[in-house]
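Written below as structure tokens is the structure these notes are about.
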Amino acid sequence: MHELSIVESLIDLCEENALANNAKDIQEIYVNIGRLSGIEVDLFKRCFETFKENSQFCKNAKLLIEITPLEILCLKCNQKSVLKENIFKCPHCSSLEYKIMQGEDLHLMRLVMQ
């Protein structure tokens, strides 16, 4: 359940941003969660709802999540592709040599503060 520590870090980051911008309240938190990030989205949401109660700024915040697709760059044919299924090869040339471009991370994208 690493979602607990990730949510704690997210709330800390939001609070730091609120303090730096002299905000009184955070209304909305937008995050992108990569499809291969290992984060269980439903558990992440539940953890957020629990931990936000102890936050000075996030108590009334709404969490908005977008799932980032898994995008690869084939090192053989140099094509970018989005992998919708867990078939880890280039859909153009079937190469197993690729670089993951996005879809493994969690990113705080935007805060709506008052």
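Leu75 and Leu83 end up in different hydrophobic clusters when Ile, Leu, Val, Met, Phe, Trp and Tyr side chains are linked at under 4.5 Å. With hydrophobic clusters built from ILVMFWY side chains whose heavy atoms lie under 4.5 angstrom apart, Phe51 shares a cluster with Leu13. Hydrophobic clustering of Ile, Leu, Val, Met, Phe, Trp and Tyr side chains at less than 4.5 Å, counting indirect connections, keeps Val41 apart from Leu36. Hydrophobic clustering of Ile, Leu, Val, Met, Phe, Trp and Tyr side chains at less than 4.5 Å, counting indirect connections, keeps Leu19 apart from Val112. Taken together through direct or relayed side-chain contacts under 4.5 Å among Ile, Leu, Val, Met, Phe, Trp and Tyr, Leu106 and Leu70 form parts of separate hydrophobic clusters.
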Under 3.5 Å, which donor-acceptor pairs link side chains of residues 57-67 to any protein atom two or more places apart or in another chain?
residue, atom, partner, partner atom, Å
Lys59, NZ, Glu53, O, 3.1

Give every donor-acceptor pair under 3.5 Å between a side-chain atom in residues 24-32 and any protein atom, sequence neighbours left out.
residue, atom, partner, partner atom, Å
Gln27, NE2, Gln114, OE1, 3.2
Glu28, OE1, Tyr30, OH, 2.7
Tyr30, OH, Arg110, NH2, 3.3

Show me the donor-acceptor pairs within less than 3.5 Å that the side chains of residues 86-105 make with the rest of the protein, sequence neighbours left out.
residue, atom, partner, partner atom, Å
Asn86, OD1, Arg35, NH1, 2.9
His92, NE2, Ser81, OG, 3.1
Ser95, OG, Glu97, N, 3.0

For side-chain contact (heavy atoms from CB on, under 4.5 Å), just list the numbers for Ile39 and His2, CA-CA rounded to whole Å, side-chain angles, deciding distance to a tenth of an Å, and then say yes or no.
CA-CA 8 Å; Ile39 296 171; His2 65 285; 4.1 Å; yes

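Between atom CG of residue Leu111 and atom SG of residue Cys14 there is a gap of 4.5 Å, rounded to the nearest 0.5 Å. The structure places OG1 of Thr68 at 8.5 Å from CD1 of Ile33, a figure rounded to the nearest 0.5 Å. The distance from atom CE of Met113 to atom CG of Asn21, rounded to the nearest 0.5 Å, is 4.0 Å. Ile11 contributes atom CD1, which lies 12.5 Å from atom CD of Glu16 (distance to the nearest 0.5 angstrom). To the nearest 0.5 Å, the span separating CG on Leu4 from CZ on Phe44 amounts to 10.5 Å. In this structure, Asn54 CG and Glu8 CD are separated by 10.0 Å, a value rounded to the nearest 0.5 Å.
With side-chain heavy atoms closer than 4.5 Å counting as contact, directly or through intermediates, Val82 stands alone and belongs to no larger hydrophobic cluster.
Residues that satisfy the side chain to side chain donor-acceptor pair (under 3.5 Å) test with Ser37, not counting sequence neighbours, are absent from this structure. Judged as a salt bridge (Lys or Arg N to Asp or Glu O under 4.0 Å), and not counting sequence neighbours, the contacts of Glu49 are Lys52.
Of the possible donor and acceptor atoms, none in the side chain of Glu15 sits under 3.5 Å from a partner among the backbone N and O of Ser55.
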